[in-house]
Amino acid sequence: MIVRTTEEITGTDRDISSEDGNWRSKRIVLGGDKVGFSFHETTIAAGTVNEFHYANHIEAVWLIEGEGTLTDRETGETYELGAGSMYLLNGNERHTVEPRTQMRMLCVFNPPVVGNETHDENGVYPLVEVPA
């Protein structure tokens with residue numbers, strides 16, 4: 001059984017921020033926990049434009065706070081998001097998230113993220129294998 005709080009993750013190597021300060025992700029469950037997925041709490045700052053791509057992961061997102069837009073950069077389709085919205089990136093979609101107010105979301109990745117990988121535009125995560 002694994003029991004953690006986001007408070008105990010704060011300030012550790014599981015507490016990751018983007019270089020520009022637009023987003024912060026608390027990696028609550030990682031690949032090393034050996035449960036087959038990773039689970040993160042992520043906040044994205046209001047008024048920012050954030051381009052993401054996950055070439056190696058499927059991601060489900062449940063927005064629990066905030067509002068903004070999600071744009072599929074390949075199709076141009078735009079979706080309004082608010083608290084209670086869920087979106088699933090099951091085709092490795094390149095997408096943009098633009099919060100009007102700070103967004104707080106819970107994210108599940110499969111296969112799991114294993115460390116401090118950041119959202120690389122090429123979708124390259126060098127550590128997709130779970131350490132032995």
Side-chain angles (χ1 to χ4, degrees):
M1 183 178 295
I2 298 170
V3 177
R4 291 193 177 105
T5 66
T6 54
E7 289 78 20
E8 69 189 71
I9 291 169
T10 301
T12 71
D13 61 353
R14 290 177 177 247
D15 186 2
I16 310 300
S17 297
S18 63
E19 289 182 18
D20 57 15
N22 287 358
W23 59 264
R24 180 178 185 180
S25 182
K26 293 185 179 183
R27 311 297 171 77
I28 300 163
V29 175
L30 288 171
D33 294 317
K34 300 184 182 193
V35 295
F37 63 90
S38 60
F39 179 65
H40 310 173
E41 177 190 58
T42 299
T43 55
I44 305 178
T48 61
V49 177
N50 305 275
E51 295 183 349
F52 300 118
H53 178 223
Y54 311 103
N56 299 304
H57 303 280
I58 293 171
E59 181 191 21
V61 176
W62 181 31
L63 184 62
I64 56 176
E65 179 181 297
E67 59 181 35
T69 58
L70 168 70
T71 302
D72 182 324
R73 294 200 328 258
E74 295 174 19
T75 67
E77 289 182 82
T78 299
Y79 305 89
E80 286 298 314
L81 301 176
S85 298
M86 187 284 301
Y87 63 90
L88 177 64
L89 302 164
N90 61 351
N92 307 113
E93 296 87 352
R94 295 177 185 273
H95 60 288
T96 302
V97 178
E98 297 181 58
R100 287 187 293 280
T101 61
Q102 177 178 285
M103 289 182 163
R104 188 164 62 102
M105 52 190 61
L106 302 176
C107 310
V108 175
F109 290 85
N110 185 11
V113 172
V114 300
N116 66 353
E117 300 96 325
T118 57
H119 307 290
D120 178 38
E121 267 308 289
N122 295 318
V124 177
Y125 293 136
L127 301 172
V128 295
E129 294 297 321
V130 175

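In this chain, residues are counted from 1 in sequence order. Values in this document were obtained by computation on a predicted structure and should not be read as measured data.
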*Asks:* When you measure from the side chain of Thr101 to the backbone of Glu67, do you find a donor-acceptor pair of N or O atoms at a distance under 3.5 Å?
*Replies:* yes

*Asks:* Can a salt bridge be assigned to the pair Arg14 and Asp33 using a cut-off of 4.0 Å between side-chain N and carboxylate O?
*Replies:* yes

*Asks:* Do the non-hydrogen side-chain atoms of Phe52 and Val97 ever get within less than 4.5 Å of each other?
*Replies:* yes

*Asks:* Does Glu93 use its side chain to pair, donor to acceptor, with the backbone of Gly91 at less than 3.5 Å?
*Replies:* yes

*Asks:* Measuring only between side-chain heavy atoms, which start at C-beta, is Thr69 closer than 4.5 Å to Arg100?
*Replies:* yes

*Asks:* Taking Ser38 for the side chain and Pro112 for the main chain, is one N or O donor matched with an acceptor at less than 3.5 Å?
*Replies:* no

*Asks:* For residues His95 and Tyr54, establish whether the separation of their ring centroids is below 6.0 Å.
*Replies:* yes

*Asks:* Atom NE2 of His40 and atom CG of Asp15: how far apart are they, to the nearest 0.5 Å?
*Replies:* 12.0 Å

*Asks:* For the pair Val113 and Leu30, evaluate side-chain contact (heavy atoms from CB on, under 4.5 Å) and give the outcome as yes or no after the intermediate values.
*Replies:* CA-CA 6 Å; Val113 172; Leu30 288 171; 4.2 Å; yes

*Asks:* Using atom types as modelled and distance alone, determine if a side-chain donor or acceptor of Asn90 lies under 3.5 Å from a backbone N or O of Ile58.
*Replies:* no

*Asks:* Any idea which heavy atoms bring Pro111 and His57 closest together, and the distance?
*Replies:* O-ND1, 2.6 Å

*Asks:* Would you sort out whether Thr48 and Glu98 count as a side-chain contact (heavy atoms from CB on, under 4.5 Å), showing the intermediate values?
*Replies:* CA-CA 6 Å; Thr48 61; Glu98 297 181 58; over 6 Å; no

*Asks:* Find the distance between CZ (Arg104) and CD1 (Ile44) and round it off to the nearest 0.5 Å.
*Replies:* 13.0 Å

*Asks:* Who are the salt bridge (Lys or Arg N to Asp or Glu O under 4.0 Å) partners of Glu8, not counting sequence neighbours?
*Replies:* none

*Asks:* What is the distance from atom CD of Glu77 to atom CZ of Arg73, rounded to the nearest 0.5 Å?
*Replies:* 15.0 Å

*Asks:* Is there a path of hydrophobic side-chain contacts, each under 4.5 Å between heavy atoms of I, L, V, M, F, W or Y residues, that connects Ile9 with Val35?
*Replies:* yes

*Asks:* I would like to know whether Asn50 and Thr96 meet side-chain contact (heavy atoms from CB on, under 4.5 Å); could you show each step before the answer?
*Replies:* CA-CA 5 Å; Asn50 305 275; Thr96 302; 5.8 Å; no

*Asks:* Ignoring hydrogens and geometry, is there a side-chain-to-backbone donor-acceptor pair from Arg4 to Ile28 under 3.5 Å?
*Replies:* yes

*Asks:* Is it true that Tyr87 and Phe39 fall in one hydrophobic cluster, defined by side-chain heavy atoms closer than 4.5 Å?
*Replies:* no

*Asks:* Please step through salt bridge (charged side-chain N to carboxylate O under 4.0 Å, His left out) for the pair Lys26 and Glu7, ending with a clear verdict.
*Replies:* CA-CA 9 Å; Lys26 293 185 179 183; Glu7 289 78 20; over 6 Å; no

*Asks:* Between NE2 of His53 and CG of Leu89, what distance do you get to the nearest 0.5 Å?
*Replies:* 9.5 Å

*Asks:* Hey, any chance Tyr79 and Met103 share a hydrophobic cluster, counting ILVMFWY side chains that come within less than 4.5 Å of each other, even indirectly?
*Replies:* yes

*Asks:* Does one side chain, of Arg27 or Ser25, offer a donor that lies under 3.5 Å from an acceptor on the other?
*Replies:* yes

*Asks:* Are Val108 and Val29 connected in the hydrophobic side-chain network, where two residues link if heavy atoms are under 4.5 Å apart?
*Replies:* yes

*Asks:* Would a distance-only check, ignoring hydrogens and angles, find a side-chain to backbone donor-acceptor pair under 3.5 Å from Thr71 to Gly76?
*Replies:* no

*Asks:* Any salt bridge between Glu51 and Arg94, counting N to O under 4.0 Å?
*Replies:* no

*Asks:* Only counting residues at least two apart or in another chain, list the ones meeting side-chain contact (heavy atoms from CB on, under 4.5 Å) with Glu19.
*Replies:* none

*Asks:* Of the non-hydrogen atoms in Leu63 and Gly66, which two are nearest, and what is the gap between them?
*Replies:* CD2-O, 3.6 Å

*Asks:* For the atom pair CD1 (Ile64) and OG (Ser85), what is the distance rounded to the nearest 0.5 Å?
*Replies:* 12.0 Å

*Asks:* Quick check: does any side chain N or O of Ser17 sit under 3.5 Å from a backbone N or O of Gly21, one acting as donor and the other as acceptor?
*Replies:* no

*Asks:* Roughly how far, to the nearest 0.5 Å, is CE of Met105 from CD of Glu41?
*Replies:* 10.5 Å

